[in-house]
Each structure stands twice: as structure tokens, then as C-alpha cells.
K.L.:
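Pasting in a structure now, in C-alpha cells, and then I'll have a few things to ask.
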Amino acid sequence: MANGKPLKNNASSFGWSLSDRGFGPVSEPHSAAGSAETDSLASGFDLATYWRLAVKWRLLILILTAACLAIGLAVTMLTPPIYRASSVIQIDRETPQVFRDGVPTGDRGGSSLEFLSTQYGLLHSRSLAERVVNSLDLANSDTFLEQMGQPAAKSAGADTPDAVNRRRDRATRIVMANLDVAPVSNSRLVRVSFKSPSPQLSAQLANAISENFIQANLDHKFESSAYVREFLEKQIEETKQKLEDTERELVAYASGQQIINITEPNSDTQGQSLTTTNLIALNNSLVEARSRRVSAEEKWRQAQSAAVMSIPEVVDSAPIQTMIAERARLDGQYREQLEIYKPDYPAMQQLRAQIDGIDRQIASLGSNIKQSIRNQFVIAANEERSLQAQVDGLTGNVLDLRQRSIQYNILQRELDTSRELYDGLLQRYKEVGVTGGVTTNNIAIIDRAQAPGRPSSPNLLINLAIALFVGLGLGALSAFILEALDESLATPEDVETKVGVPVLGVIPKLGDGINPIVALDDIRSGFSEAYYALRTALQFSTPQGAPASILITSSRPGEGKSTTAFAVAHNLARVGRRVLLVDGDLRRPSLHRVVGGTNNVGVSNFLSGSDGLADKVQPTSHPNLAFIACGPIPPNPAELWGGDRATAFVQEALTQFDHVIIDGPPVLGFADAPILAAQVTGFLFVAESRGARRSQVRGALRRLASGHARLLGVVLTKFNARAATSYGGYDYAYDYDYAADSTARPGDKGRRAPR
């Protein structure tokens, strides 16, 4: 664990591959904020990151916000007041059509939205503005133009038609520019507003616009009605002429073809021909005669085969029924007398004679009725034959008439159509004549505009709010741009996000005049605690503990790599490890001054061919820590490190020591570091807080990656925790000086915090 953060370990390897992180010889490096932006997008919105950014650039944001507020205040104070007056009108939907009820002013179909949008466009139209200008004579009004901030309307010799048109056009543009039409939501109300420096002028113009809009609507309807009347007159004249021509043609054709149609009185339907009428009458008579003949024939068939006294007509005859009753009476009387007298008694014979006479009368009357039934059948049959003959004769005449009536019917239909059209046009013309002078209106003024008591603009609060938002927006945008352009690596997060490599240790900045060696010897100092944390991170970097051979390098001189190399070696030696500290900077050695050794003999001698390390290793005042100086500065350091002796040097040193810590040369500008990094197990890259640049670090890591070196991590040196509080509280996360007075809270001054 380093600095309270867990390190990413791998069970089978250690360090981080620069090639895998985009620093390989083939791969191009990521953008400055590439990894950070990717992680930020993947993890979502990070409020803490944006807050640190805002705190970091707070002075810039405050300055831009204050400047925008000042500009907004100045603009508000210098802007002349503008008064807005509004009138409210109601626009009702109407859909009159040319041939429907109401005023025939043309079809205004379409959806309600289209209709209202059309009305809004008419309110914004130039024609309405010109109408207002003409009605109030604004083109010649010096007062109007001066109030609207325009020069006087008239000047000497400015009465020419071109000058008049220019003044009218200027006044029209002013009216259109200051007019505002706003529909009231979910209603048919429209708010018509006009703004100007004068409250009275604003109210006058708002009312004038509404009134002229209503009058323009009425004028349009009247003009549409006049056009319809002219159109109907023309159509009536044409239809009347066509109707007369069709009537003449129809009469001439009927006379030539002898077509006579009979029309019922008070009937509008077309009459039938005389032949057809006769045929219909005879056919009806034939049907009735046939019905009578069938009935008579059936009666005769029944009467012909039946007894006379069984025929229904005979039985139902009143005379026969009377005679039957008389015979029954005489027969009863005869039977009564028969008990007294004999049949040959004269009285009895007289009764018999009467009875026989009645029987003969009944038989004669029944025979006559039967003959009458036969006669009725014969008469009905003769009548049917006669009517059938007449119907057959008229049928041919009707069929011939129908052939001759085809053209007649065509002419008749054309005549009827022309007559209906003529009657309809006359009716519409009468409606136009009656309603043409009536000006129906679907627009009404609901509220007239009143002179406002206070200006509508400028609004100080709104302008300041806008200025505040603009200032904050500009400040935030500037902060983002400057942050994107910021090359400095000030915090561990900057290293991880802008470079994309992990930070193993954060070394605090020492005060002026403090010797790093003295600070390291003080185990209670924050400087020493920071390197303890770095040693711990190295011990957890591999399953076997700290790497055997470590190169300490940086992008440029002066970033603290020599101090870091000594501190790492010193802390490893403190835990009982045998450590060899090597000054591998063959161009500008300085480590011998740090450990208090000499630089007479050292690495350059071994790399040049000298055998053995024993005569080159110098003891130090620190237990378990040995030192090899640079030795004489060679003319070709890169060639020495690139030879086979460099590998032999590291291998031989590891046979005598547990760890070899090499203080290497800077990376940029020299070829030594990439060659040397390939000879060791891993390397630590030292970057100075606020001194190292992103491009420098990435360039150095890219060069090291060309030799397939393994990065253990980055050490951020000279980190000022107090100055980094603007980045989000690094004074607690990276301040290791627990016992110093600087860690005391307000009110605890003078007391030392316990370790």
C-alpha cells in the first residue's frame, strides 16, 4: 500500500508494461487527458473532480464572473427604458364557403392550427403595418420618429414621391420591428404588444394595430363578397342562355318525332307519352278482365257438373229460398190433411197441384241461374280477348316511341340540370345581395392597451442573472480550456490521468535550507515517512518483495532522482537488506556528494574492462548500505552502458547484494537511460511536482519503452501539500509530518500532534 491506496499486483509479474499503456515503440501515446477522460466517461459524472477544477481556477472564474456582472450592470444603467403596452384580441374559427349558408367569402378550410397561424402571420404582415402607418400618419410625424430614436420625418425639399415613400417605408419598418404577437396558451386569445420609449405611444400603437387588423379583416370579406357577386352574375347569364337553347332544341325534337307527354297538374315530375298512358290503362283493364274471366270460368265449371239445387248461386237465390219455404209449408199442410182425407180428395189434390207447381218453378228458376253463370263466363272471355288484342297493338307503338325518345330524354335531363343550376345561382345571388352589405366579423378586442406605469426593459435582476450565468459559463469554459492546455503535473491525480501511469510515492517538498539527508535521518519527519511509504510500495510490487535491481531516473535533471535513489537504498538497508547504491549517471555524477564518498574509481572503471567490484565498493555510514561512485567521466557513456559489461555488472552485484539501486541519468537528451533500463528488473520514474511537464514525462516514458523496460511506478517529488489543498484536501492525504506544528488545527497552535 502506498499513501493509503492499494497497489495493483499480479501474481506472476510486477510493474507495468509501458507498451501496454500506450508508450511502446509502435504505439502512439494517448492524449494528455485520454485515460482520464475515458475513465471519467466510464464512471459517470464525478462531482469531486469538477469541484477541484473549479477551486483550482477559482480566481479566473471569479474575475470573469465579476467582469460580466459589471458589464451587465453598466449595460442596464446605460440602456434607455422601453415600455411595452399590450391589447388582447379574440380570433374565432370560421369556415364559410361560396355555396353554403352565410357570407360567401371563399373557403377557409384547414386545421385550427393552420388558421390561427395564418392570423398570426397577418398580424406580422407588412400590409397591416402600412395600414397603421397610414391611419396615424406616422410617416410625417416627427414626434413618432424622434421617440423611436429616428431622425425627423421631413426636411427641406423632402416632399417628392421618392422621399414620401422612403419615410413611409422607414415608419413601416419601425412598426414591424417593435410589434410582438404572442398567442395565449390553450385559447383563441392573442396578445398584441408594442414597445417604445413612450408609454402613451406604446398603448396608442397597440390599440391601432388591433383596430386596423379588425378593419382589414372586414375589408377583405367585403372585397370577397363583391367578387362573388360579379362571378355569380356571369355564371347566371351563361346558364340562362344555355337553358333557353336546350328548351328550344327539346321542343323542336318532340314536334318532329310526334312525342306527346302528359304531365299531372301541380307535379314537377316529367310526364308520360300519350301512347304509354293508353297502354297502361288498357293493360290495367286487361288484368281486371282476366281476373273476372278466371272467376267466371271457375263458377261455370263447378255449376256445369253439379246438380241445379247444389249450385251456390241457386241455393243463395232469394226467390228460390222463398219458394222452397212455401213448398215446405204446403207439404206440411198436405201431410196433416193426409191423416184425415184420402189423396184423391179434391182438397188434397189441389194441395198436390200447388206443390208440383212450386217444384216446376224452382226447377225453371235454377236452370235460368245456371245459364246465367255460363253467360257470364262467355262475356268475360270475350272481353279478355278484346283487351288483349288492343294491348298487343299498343305495345309495338310504345317500343317504337321509346327508341325515338332516347335523344328526347337526353335533352330533357340536360334541360333539368340547367334549370336546377340556374335556380341555385339565382338563390345564391339573392343571398349575396341580402348579406353582402352585412359585415360579419370573427375578431374582437377583449382588452384595450393601457399606458404602462413602469418600463418592461431593461430588467436589472434578469440582466444580472444573465450576466452571472454568462460569467460562470465563460469561467467554466476557460477553466476547462486552461486545464486541457495545462502541461504541469501538480498532483498524483495529474500523473495518473494526464500520463496514465500509477504513482507509488509522493515526496513532500522540504523547506528552504533543509538538507534532504538530515530530513531522512529524522524518522519522525514527513519527508522520511514518505520514503517509508515508497519502500513499502516497492516491497508489495512483486510476490518476492522489492525488485532486485532498480533504476531511478527522470525526464530532466534536478527533479530529485539522486535523493530518491539514496532514500530507497537507505530504507531498504534499514530493514536488514544488503543494498548497493550505484551512481549510474556517467555524465554528471553527484551521488558521491550525497553519501559523502569519493569519485576516484567506480562504475566507469568496471564498464571499461576493470575486473571485480570489491575495490570499487565504498562503505557508508549507514549499516547494510554500500556505494559505488561513477568514477572518471568517460567520453562515451552510452556505449559503455550498451556493452556486455553492463549486464555483467548487475549480475555480479546481485551475487553480493540483495538489491542494486542505480541512480541513472535523465532520459531526455541522452541515450543512456533507455539502455540502462533494459538491464534492470524495473525502474522508478521521478517527476517533480509542478516542475515536470506532461509532454516531457510522456516523451521520456516513450523512450524507455523502446527498450522494453518495466515501469514500477512514478515518484512525485517536491509536492507541496499545503498549496495542493485547492485540488481537494491533499494536506491530509499526503502530509506525513504528523508531529510538526503545521499539522495542528486552528486553536491548537503550539501543541504537537501525537504520532
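The chain is numbered in sequence order, starting from 1.
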K.L.:
I'd like to know if the side chain of S127 pairs up with that of S125 as donor and acceptor (distance under 3.5 Å, no hydrogens or angles considered).
P.N.:
yes
K.L.:
For Y120 and F115: C-alpha separation, side-chain torsions, deciding distance, then whether ring pair (Phe, Tyr, Trp, His ring centres under 6.0 Å) applies.
P.N.:
CA-CA 9 Å; Y120 304 153; F115 170 75; 9.2 Å; no
K.L.:
Which pairs pass salt bridge (Lys or Arg N to Asp or Glu O under 4.0 Å) with one or both residues in residues 452-470, sequence neighbours excluded?
P.N.:
none
K.L.:
Any side-chain donor-acceptor pair under 3.5 Å between D137 and N140?
P.N.:
yes
K.L.:
Got a sec, which pairs hit salt bridge (Lys or Arg N to Asp or Glu O under 4.0 Å) with one end in residues 181-200, sequence neighbours left out?
P.N.:
D92-R188
K.L.:
I need the L468 CG to C68 SG distance, nearest 0.5 Å.
P.N.:
9.0 Å
K.L.:
Please examine the side chains of V501 and E496, heavy atoms only from C-beta on, and report whether any two atoms are closer than 4.5 Å.
P.N.:
no
K.L.:
Taking only residues two or more places apart in sequence, or in another chain, which ones meet I63 in a side chain to side chain contact (heavy atoms under 4.5 Å, CB included)?
P.N.:
L59
K.L.:
Considering residues at least two apart in sequence or located in another chain, which fulfil the side chain to side chain contact (heavy atoms under 4.5 Å, CB included) criterion with L64?
P.N.:
L60, L474, S478
K.L.:
Minimum heavy-atom separation for S210 and V192, please, with both atom names.
P.N.:
OG-CB, 4.0 Å
K.L.:
Measuring from L421:CG to D416:CG, what's the distance to the nearest 0.5 Å?
P.N.:
12.5 Å
K.L.:
Once you round to the nearest 0.5 Å, how far does CG of N442 lie from CD of Q119?
P.N.:
6.5 Å
K.L.:
With side chains defined as the heavy atoms from C-beta onward, is the minimum distance between R167 and V164 less than 4.5 Å?
P.N.:
yes
K.L.:
State, without any angle test, whether S196 and S202 hold a side-chain donor-acceptor pair at a distance under 3.5 Å.
P.N.:
yes
K.L.:
Identify which one of I89, V190, L189, V184 satisfies the side-chain contact (heavy atoms from CB on, under 4.5 Å) criterion when paired with I446.
P.N.:
L189
K.L.:
For residues S87 and A206, report the shortest heavy-atom separation together with the two atoms involved.
P.N.:
OG-O, 3.5 Å
K.L.:
Hey, could you give me each pair passing side chain to side chain donor-acceptor pair (under 3.5 Å) that has a residue in residues 61-85? Not counting sequence neighbours.
P.N.:
T76-N463, R84-D180
K.L.:
Can you pull out every salt bridge (Lys or Arg N to Asp or Glu O under 4.0 Å) where at least one residue sits in residues 458-481? Sequence neighbours excluded, please.
P.N.:
none
K.L.:
Just how far is it from atom CD1 of I445 to atom CD of E211, taken to the nearest 0.5 Å?
P.N.:
5.0 Å
K.L.:
Is it true that a side-chain atom of N217 and a backbone atom of F213 form a donor plus acceptor pair closer than 3.5 Å?
P.N.:
no
K.L.:
With sequence neighbours left out, what residues match R131 under salt bridge (charged side-chain N to carboxylate O under 4.0 Å, His left out)?
P.N.:
D219
K.L.:
Rounded to the nearest 0.5 Å, what separates atom CG in L716 from atom CD in E493?
P.N.:
10.0 Å
K.L.:
Give every residue pair that meets the ring-ring contact (aromatic ring centres under 6.0 Å, His included) criterion with at least one member in residues 167-196, sequence neighbours excluded.
P.N.:
none
K.L.:
Would you check if the side chain of T239 reaches a backbone N or O of I236 as a donor-acceptor pair within less than 3.5 Å?
P.N.:
no
K.L.:
How would you list, by chain and number, every residue that makes a side chain to side chain donor-acceptor pair (under 3.5 Å) with E238, sequence neighbours excluded?
P.N.:
none
K.L.:
Is there a side-chain contact between L122 and L128 (heavy atoms, below 4.5 Å)?
P.N.:
no
K.L.:
List the steps and the verdict of salt bridge (Lys or Arg N to Asp or Glu O under 4.0 Å) for K242 and E237.
P.N.:
CA-CA 9 Å; K242 184 177 181 181; E237 184 64 28; over 6 Å; no
K.L.:
What residue pairs, at least two apart or across chains, pass salt bridge (Lys or Arg N to Asp or Glu O under 4.0 Å) with a residue in residues 117-127?
P.N.:
R126-E130, R126-D169
K.L.:
List the residues meeting side chain to side chain contact (heavy atoms under 4.5 Å, CB included) with R413, not counting sequence neighbours, and say none if there are none.
P.N.:
N409, I410
K.L.:
F469: what forms a ring-ring contact (aromatic ring centres under 6.0 Å, His included) with it, not counting sequence neighbours?
P.N.:
none
K.L.:
In the structure I gave you, are the side-chain heavy atoms of V697 and K498 within less than 4.5 Å of one another anywhere?
P.N.:
no
K.L.:
What I'd like to find out is whether the side chain of K509 reaches to under 4.5 Å of the side chain of S689, using heavy atoms alone.
P.N.:
no
K.L.:
Does atom CD (E247) have a neighbourhood of more than 12 heavy atoms from anything else shown, all under 6.0 Å?
P.N.:
yes
K.L.:
Please report the closest heavy-atom contact between P81 and P458, naming both atoms and the distance.
P.N.:
CA-CD, 4.0 Å
K.L.:
Taking the side chain as everything from C-beta on, heavy atoms only, tell me whether P197 gets closer than 4.5 Å to I82.
P.N.:
yes
K.L.:
Determine whether V175 and V133 make a side-chain contact, defined as any pair of heavy atoms from C-beta on separated by less than 4.5 Å.
P.N.:
yes
K.L.:
Between F719 and T491, is there a side-chain heavy-atom distance shorter than 4.5 Å?
P.N.:
yes
K.L.:
Distance check, rounded to the nearest 0.5 Å: L243 atom CG versus K240 atom NZ?
P.N.:
9.5 Å
